[in-house]
**Student:** 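The structure's right below; bear with me while I get my questions together.
Everything quoted here is computed from the prediction, not taken from an experiment. Proteins get letters first, then strands, A, B, ... in listed order; numbering begins at 1 in each.
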Amino acid sequence: MRVSRLFGKTLREVPSDADTISHQYLIRAGMINQLTSGVYSLLPLGLRVLVKIEDIIRDEMNKAGGQEVLMPVLHPREIWQKSGREAGFGETLFHLKDRRGHDLVLGPTHEEIITDLVSRYVQSYRDLPQLLYQIQVKLRDEPRPRGGLLRVREFIMKDLYSFDVDDQGLDISYKKMKQAYINLYSRCGLPALLVDADSGAIGGKDSQEFMLVANSGEDEIIVCDKCQHAANVEKMVSVKKIIAPEDGLPMEEVATPGLTSIEQISKFLKVAPDHTLKAVLYVADGNLVMTVIRGDLEINEIKLKKALHCTELGLAGENDLSAAGIVAGFVSPVRLKTKLKIVADDSVCVGPNFVAGGNKKDTHIKNVRFQRDFTVDVIQDIAKARAGDACPECGGLLSSVRGIEVGHIFKLGTALSEKLGARFLDETGVSKPIVMGCYGIGVGRMLAAAIEQNHDDKGIIWPLPIAPYQVHICGLYMDNPKVIEATEKLYQDLQDQGIEVLFDDRLESPGVKFNDADLFGIPFRLTVSPRTLEGNNVEYKRRTEKKAQIIPLAGLVDYLKTQFNA
RNA sequence: CGGGGUGUAGCGCAGUUGGCUAGCGCGCAGCGUUUGGGACGCUGAGGUCGGAAGUUCAAAUCUUCUCACCCCGACCA
């Protein structure tokens, strides 16, 4: 491709509404263009990267035994009602009506459709297992699109679904996919971190995410430095510091005027935060609930949601509290007049005499003890794991990194197949629901994440396997006949060898060309000028390196090929 | 949905105590001189000042309504 003909234009200035690095560079390099919030066009350069990622994914899916299909984006609403997941997706689902007034939905994912499809063709255990996938657009009315391609409303996803006769079969499919994912990220030059995850709205049992480590990542990952155990904070089990038990003392009210935070209380009463109780009120599916946790810990809302089996969870507001007759700032499970469901973290049931709120203004209570002074309805781990905690697997030290979720694999089980009637007859003639798994990759997000992970202050640094082109020819002084001749020949020769090349044939100043080359981020740059031509040389520079070197034109192709494989 | 912010030329911005023909930089077109890390001169094209209604002799500027986009929070690939 010649830069003079390339559709898209580079920008010198950072677009005002882009503050994520990948977003800025994608726009500045002319790789994407925004149509409306969370909806983008891919321009030729951007699309080439996307297609390369897709090709690698496709190859790994096929190798793992997957068969490619293509399902519709337009779904009848009934199928979502039948599966019971319409409510779960809620507002995220795009709805529309056809001319006959039939309700349709734009597919946010395809479990329903594939399950329906499979149910029509699979009757016997002999038809199983199956691995079916597609690479296709998904539509989700996200509450908040952000960061360019990182979080959008219309996106390309590779989704594979596995169908097995039993859990053992599912385990095999799951393992195959996990390996295929590991392979494909590494083949893209984007090694991903495998972390335990919460299965979220889709539900199911085991679930793991593939994360690209990047500072701009939305997710926090907790990793053990010793055994490499890693999990999304949402999921990581919290190993709490053990507090030595103390003999019980009688409860004692203390005046704590205006002191509402754990920090203030612990300073004022000279007790460590881990000797206090924190009570936080939430509204879960419309009902007020109280959580209790040791003062030095934080509530993990995902775990809490699970403990409550609720779909909507939010912090209670002032109005919710006063309506229930609860005094904000001095909330506590002790001497609580209002009848509330109470969920406690397991940190509160052992240990010392705690300081807790008094449930009246400007009052706290000392020497509070679990069971003697208060009881709860649910007790389990609802605490957020933190860097510095001990690893639940090996006791090693946990640390925290940020990551971008670029893949997610789930064991779904039989919930959906039962609802949608996807069943088979086993060897003994018994009808059983098919055991399912699902495996997704956000392709566009991967593209953006690749930039988040691989860039410098001049532009993108594409890993070779997904770079839009492999080689970038910079012809300097393109009005010089010798340069024209040499670059045209080089351009042709490289292409004849099957090398993908972007040829900057514009009559621009060297500075403009070098800056654009850095912005595009193509891995190998060849500069040709009257100066290099004097010795029949070209200047060779890798995007990852600062310094260039002069190498002879003769044998250049072979040299490049060795560098590709290095 | 709650909170914060922004809409003026393709991009980045100024102009907003109401007042002349709405400016500047980049980019774009033409000509010339240049050019190894975003050159320079001259000439030129390009604007529903997000939209609607209102106030006024006069609105980018004031009022009301409205739309869009971005950022921070609850969700996900």
Side-chain angles (χ1 to χ4, degrees), chain A residues 8-20 23-24 27-28 30 33-39 57 88-92 108-109 135-159 181 192 197-202 207 209-212 218-219 232 234 282-283 301-302 304-305 311-315 317 404-410 438-449 458-459 474-480 483 507-519 525 527-532 539 541 546 548:
Chain A
K9 214 162 254 179
T10 57
L11 261 31
R12 293 190 188 199
E13 276 162 313
V14 181
S16 63
D17 57 0
D19 51 23
T20 308
H23 191 193
Q24 292 177 358
I27 291 177
R28 285 190 51 209
N33 183 262
Q34 180 172 19
L35 213 215
T36 183
S37 181
V39 180
I57 293 174
F89 275 88
E91 300 256 82
T92 306
T109 178
I135 297 177
Q136 203 236 33
V137 79
K138 298 282 183 272
L139 293 133
R140 298 184 187 175
D141 198 356
E142 287 287 335
R144 186 155 91 83
R146 80 184 87 160
L149 253 33
L150 282 176
R151 184 177 204 75
V152 292
R153 298 193 296 170
E154 176 178 324
F155 60 100
I156 305 287
M157 182 188 196
K158 185 288 303 178
D159 44 330
Y181 271 46
D198 183 77
S199 49
I202 294 182
S207 156
E209 290 166 337
F210 288 82
M211 294 280 189
L212 290 191
E218 288 187 282
D219 289 276
N232 197 308
E234 296 172 351
Y282 284 89
V283 176
E301 294 184 3
I302 303 287
L304 176 59
K305 222 167 159 176
T311 51
E312 286 286 322
L313 181 74
L315 276 173
I404 300 166
E405 181 189 347
V406 290
H408 201 159
I409 58 180
F410 300 84
C438 73
Y439 316 84
I441 295 176
V443 187
R445 183 183 279 181
M446 244 177 106
L447 183 157
K458 298 295 248 175
C474 265
L476 303 189
Y477 314 99
M478 283 306 291
D479 48 356
N480 179 315
V483 175
L507 185 55
E508 285 285 352
S509 72
V512 170
K513 295 195 163 206
F514 291 145
N515 279 297
D516 278 347
D518 287 343
L519 184 58
R525 189 183 80 190
T527 305
V528 178
S529 71
R531 191 199 290 177
T532 67
E539 182 194 277
K541 183 182 162 301
K546 286 243 155 49

**Student:** Identify whether any heavy atom of A:V152 sits under 4.0 Å from a base atom; if not, whether one sits that close to sugar-phosphate; answer base, sugar-phosphate or nothing.
**Tutor:** base
**Student:** Whole Å only: how far is the NZ atom of A:K513 from the P atom of B:G38?
**Tutor:** 15 Å
**Student:** Please report, rounded to the nearest Å, how far the P atom of B:C76 is from the CG atom of A:N232.
**Tutor:** 11 Å
**Student:** Over all strands shown, is A:V406 touching base, sugar-phosphate only, or nothing at heavy-atom distances under 4.0 angstrom?
**Tutor:** sugar-phosphate
**Student:** B:A45 and B:G10: how far apart are their C1' atoms, nearest whole angstrom?
**Tutor:** 13 Å
**Student:** Assign A:P530 to base, sugar-phosphate, or nothing according to its heavy-atom contacts below 4.0 angstrom with the strands shown.
**Tutor:** nothing
**Student:** Is the backbone N or O of A:E405 less than 3.5 Å from a side-chain atom of A:R445, with the two atoms forming a donor-acceptor pair by type?
**Tutor:** yes
**Student:** Determine the Euclidean distance between corresponding P atoms of B:G4 and B:U8; express it in Å to zero decimal places.
**Tutor:** 22 Å
**Student:** Roughly how far apart, to the nearest Å, are B:U48 and B:A68 at atom C1'?
**Tutor:** 16 Å
**Student:** May I ask you to say what A:R28 touches in the nucleic acid, namely base, sugar-phosphate or nothing, with a heavy-atom cut-off under 4.0 Å?
**Tutor:** base
**Student:** Does A:G147 reach a base, just sugar-phosphate, or nothing at all? Heavy atoms under 4.0 Å.
**Tutor:** sugar-phosphate
**Student:** What I want to check is whether an N or O donor and acceptor connect the side chain of A:R445 with the base of B:C76 at under 3.5 Å.
**Tutor:** yes
**Student:** Can you find a side chain N or O atom of A:K305 that sits less than 4.0 Å from OP1 or OP2 on B:C75?
**Tutor:** yes
**Student:** Across the strands shown, which category fits A:V14 at heavy-atom distances under 4.0 angstrom: base, sugar-phosphate, nothing?
**Tutor:** sugar-phosphate
**Student:** Applying a 4.0 Å non-hydrogen cut-off, can you work out what A:L507 is touching in the nucleic acid: base, sugar-phosphate, or nothing?
**Tutor:** nothing
**Student:** Among B:A77, B:C75, B:G36, which is the nearest nucleotide to the side chain of A:E405?
**Tutor:** B:A77
**Student:** State whether a side-chain donor-acceptor pair under 3.5 Å links A:T92 with A:D141.
**Tutor:** no
**Student:** Over all strands shown, is A:T36 touching base, sugar-phosphate only, or nothing at heavy-atom distances under 4.0 angstrom?
**Tutor:** sugar-phosphate
**Student:** Of the options B:G36, B:G12, B:G37, whose atoms approach the side-chain atoms of A:T527 most closely?
**Tutor:** B:G36
**Student:** Which nucleotide sits closest to the side chain of A:S16: B:C75, B:G27, B:G12?
**Tutor:** B:G12
**Student:** Rounding to a whole Å, what distance do you find between A:R151:CZ and B:A74:P?
**Tutor:** 11 Å
**Student:** Are any of A:R12's side-chain N or O atoms less than 4.0 Å away from OP1 or OP2 of B:G27?
**Tutor:** yes
**Student:** So A:G442, base contact, sugar-phosphate only, or nothing? Heavy-atom distance under 4.0 Å.
**Tutor:** base
**Student:** Compare every heavy atom of A:Y477 with every heavy atom of A:V483, then report the nearest pair and how far apart it is.
**Tutor:** CB-O, 3.7 Å
**Student:** Can you identify which nucleotide, out of B:C71, B:A77, B:G37, has its nearest atom closest to the A:D19 side chain?
**Tutor:** B:C71
**Student:** Name the closest nucleotide to the A:H408 side chain, picking from B:G38, B:A77, B:A74.
**Tutor:** B:A77
**Student:** When we call it a touch if two heavy atoms are under 4.0 Å apart, what does A:D219 touch: a base, just sugar-phosphate, or nothing?
**Tutor:** base
**Student:** Using the six-membered base ring of B:G38, report whether A:F514 stacks on it, requiring centroids under 5.5 Å and planes under 30° apart.
**Tutor:** no
**Student:** Would you say A:R144 reaches B:C72's phosphate, i.e. side-chain N/O to OP1/OP2 under 4.0 Å?
**Tutor:** yes
**Student:** Write down the distance between CG (A:N33) and C1' (B:C11), rounded to a whole number of angstrom.
**Tutor:** 12 Å
**Student:** Check whether any side-chain N or O of A:S37 sits under 4.0 Å from OP1 or OP2 of B:A68, and answer yes or no.
**Tutor:** no
**Student:** Between B:A60 and B:C20, how far apart are the C1' atoms? Round to whole Å, please.
**Tutor:** 15 Å
**Student:** Would you mind classifying the nucleic acid contact of A:F210 as base, sugar-phosphate or nothing, using non-hydrogen atoms under 4.0 angstrom?
**Tutor:** nothing
**Student:** Using the C1' atoms only, state how far B:A59 lies from B:U64, rounded to an integer number of Å.
**Tutor:** 15 Å
**Student:** Any chance you could measure A:D516, atom CG, to A:E508, atom CD, to the nearest 0.5 Å?
**Tutor:** 8.0 Å
**Student:** A:E209 CD to B:C76 P: how many Å, rounded?
**Tutor:** 10 Å
**Student:** Using a 4.0 Å heavy-atom cut-off, does A:P15 contact any base of the nucleic acid, only the sugar-phosphate backbone, or nothing at all?
**Tutor:** sugar-phosphate
**Student:** Distance check, P atoms only: B:G47 and B:C24, in whole angstrom units.
**Tutor:** 16 Å
**Student:** About how many Å separate CG of A:D518 and OG1 of A:T10, when rounded to the nearest 0.5 Å?
**Tutor:** 12.0 Å
**Student:** Under 4.0 Å, counting only non-hydrogen atoms across every strand here, what does A:T20 touch: a base, just sugar-phosphate, or nothing?
**Tutor:** nothing
**Student:** Closer than 4.0 Å, any side-chain N/O of A:S509 to the OP1 or OP2 of B:G36?
**Tutor:** no
**Student:** Using whole Å, what does the distance between atom C1' of nucleotide B:C71 and atom CG of A:D17 come to?
**Tutor:** 11 Å
**Student:** Any side-chain to backbone donor/acceptor pair from A:Q34 onto A:T36? Under 3.5 Å, distance only.
**Tutor:** yes
**Student:** What's A:E142 touching, base or sugar-phosphate or nothing? Going by heavy atoms closer than 4.0 Å.
**Tutor:** base
**Student:** For B:G32 and B:C49, measure between their P atoms and round to the nearest Å.
**Tutor:** 38 Å
**Student:** Evaluate A:E539 against A:R531 for salt bridge (charged side-chain N to carboxylate O under 4.0 Å, His left out), listing each step before the verdict.
**Tutor:** CA-CA 10 Å; A:E539 182 194 277; A:R531 191 199 290 177; over 6 Å; no
**Student:** Knowing that exactly one of A:V406, A:I57, A:I441 qualifies, which makes a side-chain contact (heavy atoms from CB on, under 4.5 Å) with A:Y181?
**Tutor:** A:I441
**Student:** Can you check the distance between B:C13 and B:U6, where both ends of the measurement are the P atom (answer in whole Å)?
**Tutor:** 12 Å
**Student:** I'd like to know if the side chain of A:Q24 pairs up with that of A:D19 as donor and acceptor (distance under 3.5 Å, no hydrogens or angles considered).
**Tutor:** no
**Student:** Starting at OH of A:Y181 and ending at C1' of B:A77, how long is that distance when rounded to a whole Å?
**Tutor:** 9 Å
**Student:** Without decimals, in angstroms, what is the distance between A:R146 CZ and B:C70 C1'?
**Tutor:** 12 Å
